[in-house]
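To keep things clear, I will list the structure first and then write my remarks on it.
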Number of protein chains: 2
Amino acid sequence: MRGKRSQRATITSVARLAGVSTATAGRVLGGYGYSSQEVRARVKESAEALGYRPNRLARSLITGKTKTIGVVAGDIQSPFYAGLLRGIDDIVRGTDFGILLTNSDEQLDREVEAVRLLVEKQVDALIVAPSDLVVAGHLHDVVATGCPVVQIDRVVKGLRADAVMVDNVTASRGCTRELIQSGHHRIGILAELERWEGGDVDDFIDAVTGGSVSQTSLFPSWQRLFGYWRAHSDAGVPFDRSLVARVGAYSGDAAEEAVRGLLESPDRPTAIFSTDGLMSSAVMVVVNEIGMSVPDDLSLVCFDDLDWMTFHQPPISAVVQPVNEMGKAAAKLVLERIDGLQDEPRHIALAPDFIRRGSILAVGDGASA
Amino acid sequence: MRGKRSQRATITSVARLAGVSTATAGRVLGGYGYSSQEVRARVKESAEALGYRPNRLARSLITGKTKTIGVVAGDIQSPFYAGLLRGIDDIVRGTDFGILLTNSDEQLDREVEAVRLLVEKQVDALIVAPSDLVVAGHLHDVVATGCPVVQIDRVVKGLRADAVMVDNVTASRGCTRELIQSGHHRIGILAELERWEGGDVDDFIDAVTGGSVSQTSLFPSWQRLFGYWRAHSDAGVPFDRSLVARVGAYSGDAAEEAVRGLLESPDRPTAIFSTDGLMSSAVMVVVNEIGMSVPDDLSLVCFDDLDWMTFHQPPISAVVQPVNEMGKAAAKLVLERIDGLQDEPRHIALAPDFIRRGSILAVGDGASA
DNA sequence: TTGTATGCGTTATCAT
DNA sequence: ATGATAACGCATACAA
């Protein structure tokens, strides 16, 4: 029996009803000081009778802690971010932390706005998927105030903050090697490849070949291209620039267009490595459209294991990112930092799994199983 | 040039630097009172120099508004809730409202906990997908305090609060009719069908036949069963209880088991209506497992249009819920209520689309296109 | 137009 | 163990 009228009960009203001071009422309700059995009972009873709910705002104002974690996701609707969020929530649930969620659409200006809002709302920490790996003054500012920041999925150049990501290079290198070992020498790679401050794909390959590129502060799709390149280099298979389909935008239409370019070319690839869930759907659309069949006409390996890849005929080989674990790792890091952990920024790189399924056809002479 | 040291600037420090009172500084920084050009400039300059950021906590404590909307989702990771969230954010972005997100996993106790947290954090409104349509004291309590509540996807019996949902009955009735008109008279329905206070499927059908069931406060899967029943009734096709595959839990494994029961029965259905995305995947898994083919061996219609349904061979017919629009509608309602809109609770039912694709085979004699 | 004084609901620091 | 009282950072009524 509570809820009462419209006016919410405060510590003051509870104290009055219980016949104690607000200080005493605060101690028992907040559970932070001394109090006698008798008083404790009386206060709790009064609180119950009035339907008292603590006002965390007031508490936060004085403690300086809001018990709230700000999250800046790229696109909540994508399975990747949804999975991250789920992982974060799994860790946070049970604590009395809340998640303040914002969406950047991978655009810097929106991210800046989002961070500003979160900071003004006094979040205790920030989990962010940075939109720009070079210009990030807003994030440096947050770090400078002492508010813990955990980067997710990618890391800003020179930002002294924790990070949780996946080892894209190793994963891509591994699954490209699978294709090569199955006899494929012309493997198309379909990748977003936006925003690299060093220039375009050719510049990137030059930089990579010249050894002057740091793997760390690269967007995932560039890292995956890098892994693809290394697998070729490892196996002594020549790298053909024309097999790199750069989508250049994060849109299904653009991806389909890029796939058409790849598959309609005179010496088209015998396999495709699709570096992202959105890209993978695009591959399927175009493959159907052209009337090709996987793996007879085209072998396929995808980054991100979407549900349909399991029951597609044939099932599609995929790199599965541990999205929930990434979210959990980020949340744990955040909680540790809030608890005062003071060591150097940590970069945690989780290892994706590769699941080989029926979408890879062995071709040529010495094809291994 | 800001950020400064660890101490955050306050109105007081800005006022001191600008040589004005805190009230004056507050007026220009908060933009709510009179101030002269000259003072305004000086204060803003000081604020900039100190890297002043308003503390919304303090503001909220006094205004009584946090500019925060609490959201209780079922499972953030599902495309449905992710889509809702995206819609909500689309509306909220640009305003200085924040979204405080929690996850109930469709369990009442977790929902109660979540709501408690949100209320203590003083959210200005609540958007919630209720886990229980009958026992919801926590929601009644919130409504009683005057905090706007918008139910999403389903509506609690007797709760005086807005709601945004989809017209499940009409949609299911429509797509079941499509199957019937294509000559299917044995249509299996795969549905979660948990938690109906009236009992099990037989009781439900009895109640439906007897006209004693209210469509409103039913979980979506029951409403979809209802639409399926009505389509049969409309067409004079006998309703066969054995064609109702009740999954009873929200799990892929359970769904697959239910599909097997349907497809391995001696007089198995010629078509299946799958009432949910998770169920649809289960259908595909089992269909492949058994070696059947859609639509030759089995026609298929699904509630929820997942990405793979477009490029599956053949493409799968689907009911597409306007998830983003639902989220947007809920968020708009919330903002209106916060602005003081005081009329009766509104129930907004959006109409899903049906997209007929190649997964329906016309059978029997008078099959229509 | 500006400044003074109070209060929002808590926690924290002292006394007692 | 308890109570008076001062914060926290801001907004607001009112006086100047």
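Taking atom CZ on R42(B) and atom C1' on dT1(C), their separation rounds to 13 Å, with Å as the unit. To the nearest angstrom, P of dA12(C) lies 12 Å from NZ of K65(A). We find that CG of L57(B) is positioned 11 Å from C1' of dT10(C), with the value rounded to whole Å. Distance K67(B) NZ to dC10(D) P: 17 Å, rounded to the nearest Å. Between the CD atom of E120(B) and the C1' atom of dG9(C) there is a distance of 13 Å, given to the nearest Å. Taking atom CG on L29(B) and atom C1' on dT12(D), their separation rounds to 16 Å, with Å as the unit. Taking atom CD of residue Q37(A) and atom P of nucleotide dT2(D), one finds them 11 Å apart after rounding to whole Å. Taking atom CZ on R53(A) and atom C1' on dT10(C), their separation rounds to 16 Å, with Å as the unit.
Checking dT12(D), dG3(C), dT10(C) against the side-chain heavy atoms of Y32(B) singles out dT12(D) as nearest. Of the candidates dG9(C), dT2(D), dT2(C), dG9(C) carries the atom nearest the T10(A) side chain, counting heavy atoms from C-beta on. Distances were taken from every side-chain heavy atom of N55(B) (C-beta onward) to each of dG9(C), dG3(C), dG9(D); the shortest belongs to dG9(D). Closest to the side chain of I11(A), from the set dT1(C), dG9(D), dT10(C), is dT10(C).
When atom types are taken as modelled, the side chain of T66(A) and the backbone of S60(A) share no donor-acceptor pair closer than 3.5 angstrom. At distances below 3.5 Å, at least one donor-acceptor pair connects side-chain atoms of K121(A) with backbone N or O atoms of K67(B).
No more than 12 heavy atoms of other residues, nucleotides or ligands sit less than 6.0 Å from atom OH of Y34(B).
Along DNA chain C, the nucleotide nearest L61(B) and the nucleotide nearest A25(B) are compared for position; the residue whose nucleotide lies closer to the 5' end is A25(B). Mapped onto DNA chain D by nearest heavy atom, T63(B) and S36(A) fall at different nucleotides, with S36(A) at the one closer to the 5' end.
For dG3(D), its base sits under 3.5 Å from the side chain of R27(A) at one donor and acceptor pair at least.
Tested against L84(B), the residues K328(B), M326(B), E325(B) include a single side-chain contact (heavy atoms from CB on, under 4.5 Å) partner, M326(B).
Here Y34(A) does not reach the OP1 or OP2 of dT16(C): none of its side-chain N or O atoms lies under 4.0 Å away.
Nucleic acid contact for I62(B): base, since at least one base atom lies under 4.0 Å from a heavy atom of the residue.
Taking the side chain as every heavy atom from C-beta outward, H347(B) and V155(B) approach each other to under 4.5 Å.
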